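Notes to accompany the following structure.
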There are 2 protein chains.
Amino acid sequence: MNRLPDDALELDRQVCFALAVASRSVIGVYRPILEPLGLTHPQYLVMLALWGDVPLRFREIADMLRMDPATLSPIVKRLEHSGLIERAAVDGDERTFSLAPTEAGLALRERALDVPPAVIDRLGIPVERLMALRDELSLVIDAVDRPA
Amino acid sequence: MNRLPDDALELDRQVCFALAVASRSVIGVYRPILEPLGLTHPQYLVMLALWGDVPLRFREIADMLRMDPATLSPIVKRLEHSGLIERAAVDGDERTFSLAPTEAGLALRERALDVPPAVIDRLGIPVERLMALRDELSLVIDAVDRPA
DNA sequence: TCTTTTTCGTTTGCGCACAAACAAAATACT
DNA sequence: AGTATTTTGTTTGTGCGCAAACGAAAAAGA
């Protein structure tokens with residue numbers, strides 16, 4: 001089996017490495033497609049969340065995207081500064097706030113509709129295969145979430 | 001099918017998102033395991049490369065790891081500063097150099113042999129499933145590599 | 001040979017990821 | 001009520017990822 005040290009190191013190199021490279025590669029596919037929209041990939045994910053459900057609290061977005069608050073905070077600020085989203089007070093809690101797209105943010109959604117087809121076309125991978133990949137990745141994510 | 005804009009955006013959110021989250025999650029699994037070795041994940045990948053094959057030129061490592069030279073350059077410097085690797089001149093080309101583990105770098109390999117089992121144990125995913133995932137990810141990487 | 005182009009690694013700048021330390025507000029406890 | 005604890009978002013520091021501009025050396029072309 002794969003108990004031999006050398007083989008283990010080799011497999012390790014392949015798996016963790018493939019995951020990291022695939023992630024960077026696919027994000028790299030998005031980059032030129034998102035660039036005209038003025039969005040980075042993480043910013044795109046935040047907008048996707050807010051295009052689907054509004055309003056969302058800061059904490060809710062962080063949880064949905066599995067993003068550290070310390071990471072999300074500056075991203076939200078940039079999106080605000082870009083005029084794509086704006087924050088609103090949440091009654092009864094001065095600590096948090098909710099977020100929603102602005103007029104411009106909603107308008108951007110129309111242009112964003114072209115993004116997924118462009119990415120899928122660029123990848124040239126059948127949709128059902130992408131869904132299988134998503135399921136496979138979900139297993140990994142769940143495995144990590146499972147308490148040690 | 002998946003031609004409807006809303007569904008496309010939804011699938012997009014799921015796939016690109018799952019890939020990014022899975023990558024970060026798995027690297028997060030490595031973090032506490034690599035921390036005692038004084039390595040980050042990218043640094044670990046460089047060491048893996050040099051534990052398998054020496055000497056390697058800077059450019060060769062960058063190609064193997066699909067890493068931008070601008071990204072690899074500071075990583076190499078940190079590994080040098082940690083005393084784990086050292087550079088040697090390549091005869092006939094003053095621009096580049098080769099890299100190889102130092103004594104300490106080779107010694108670290110022994111401790112690194114425990115890393116893959118620890119990761120696999122933490123994930124709790126069968127090895128054959130990991131290999132399947134690796135193959136699936138390779139397809140994605142190849143798809144991106146395929147010229148548009 | 002001399003010039004032009006290509007290849008190399010580095011540096012700078014910007015954004016993201018994450019740990020750690022913080023400050024302020026809400027909640028729980030006594 | 002008054003204190004302690006928890007929750008929430010921000011800030012700071014370090015490292016990675018990538019584009020762009022750079023300087024130097026090698027290779028190609030004239």
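Quantities reported herein were computed from a predicted structural model and do not represent experimental measurements. Just the heavy atoms: all of them, side chains too, but no hydrogens, waters or symmetry mates, feed the values below. To find a chain, count down the sequence lines: A is the first, B the second, and so on, and within it residues start at 1.
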Within the pair B/Arg59 and C/dT7, is there a side-chain N or O less than 4.0 Å away from OP1 or OP2?
no

Between CG of A/Leu34 and P of C/dC14 the distance, given in whole Å, is 21 Å

Polar atoms only, N or O, under 3.5 Å: list the protein pairs with nucleotides 20-29 of chain D and their distances.
from	atom 1	to	atom 2	distance (Å)
D/dA26	OP1	B/Glu94	N	2.8

Does the side chain of B/Ser73 get closer than 4.0 angstrom to OP1 or OP2 of C/dT10 through an N or O atom?
yes

Separation of D/dT7 C1' from A/Phe97 CZ (nearest whole Å)
14 Å

Look at the side-chain N and O atoms of A/Thr96 and state whether any lies under 4.0 Å from the OP1 or OP2 oxygen of D/dT8.
no

Any donor-acceptor pair under 3.5 Å linking the side chain of B/Thr102 with the backbone of B/Glu86?
no

Just to confirm, is there a sub-4.0 Å distance from OP1 or OP2 of C/dG15 to any side-chain nitrogen or oxygen of A/Lys77?
no

For B/Met67, is there any backbone N or O sitting under 3.5 Å from a side-chain donor or acceptor partner on B/Thr71?
no

Return the orientation label for the B/Tyr30 and B/Tyr44 ring planes: parallel under 30°, perpendicular over 60°, tilted otherwise.
tilted

Can you see if the side chain of A/Thr40 gets near the phosphate of C/dG15 - specifically, an N or O under 4.0 Å from OP1 or OP2?
no

Whole angstroms only, please: what is the CZ-C1' distance between A/Phe58 and D/dT7?
13 Å

Whole angstrom value for the distance that separates P of C/dA25 from CG of A/Asp91:
17 Å

Given D/dT8, C/dA17, D/dT10, the nucleotide with the shortest approach to the side chain of A/Ile75:
C/dA17

Check the distance between D/dA19's C1' and B/Met67's CE and give it to me in whole angstrom.
17 Å

Without swapping roles, check the side chain of A/Arg87 against the backbone of A/Thr96 for a donor-acceptor pair under 3.5 Å.
no

Regarding B/Pro69, tell me which of base, sugar-phosphate or nothing describes its non-hydrogen contacts under 4.0 Å with the strands shown.
base

Does B/Glu60 reach the main-chain N or O of B/Arg57 with its side chain, forming a donor-acceptor pair under 3.5 Å?
yes

Please give, in whole Å, the distance from D/dC18 P to B/Arg66 CZ?
12 Å

Sorted by position of nearest nucleotide on DNA chain D, 5' first, the leading residue of A/Arg24 and A/Leu72 is A/Leu72

Output the rounded distance in Å from CZ (B/Arg31) to P (C/dA20).
11 Å

Value in whole Å for how far the C1' atom of D/dT7 lies from CG of A/Asp63
12 Å

If two hydrophobic side chains count as joined below 4.5 Å and joins carry through other members, does B/Leu45 share a cluster with A/Ile27?
no

I'd like to know if the side chain of A/Trp51 reaches the main chain of A/Gly105, judged simply by a donor and an acceptor atom lying under 3.5 Å from each other, with no hydrogens or angles considered.
yes

B/Arg57 near the nucleic acid: base, sugar-phosphate alone, or nothing, with a heavy-atom cut-off under 4.0 Å?
nothing

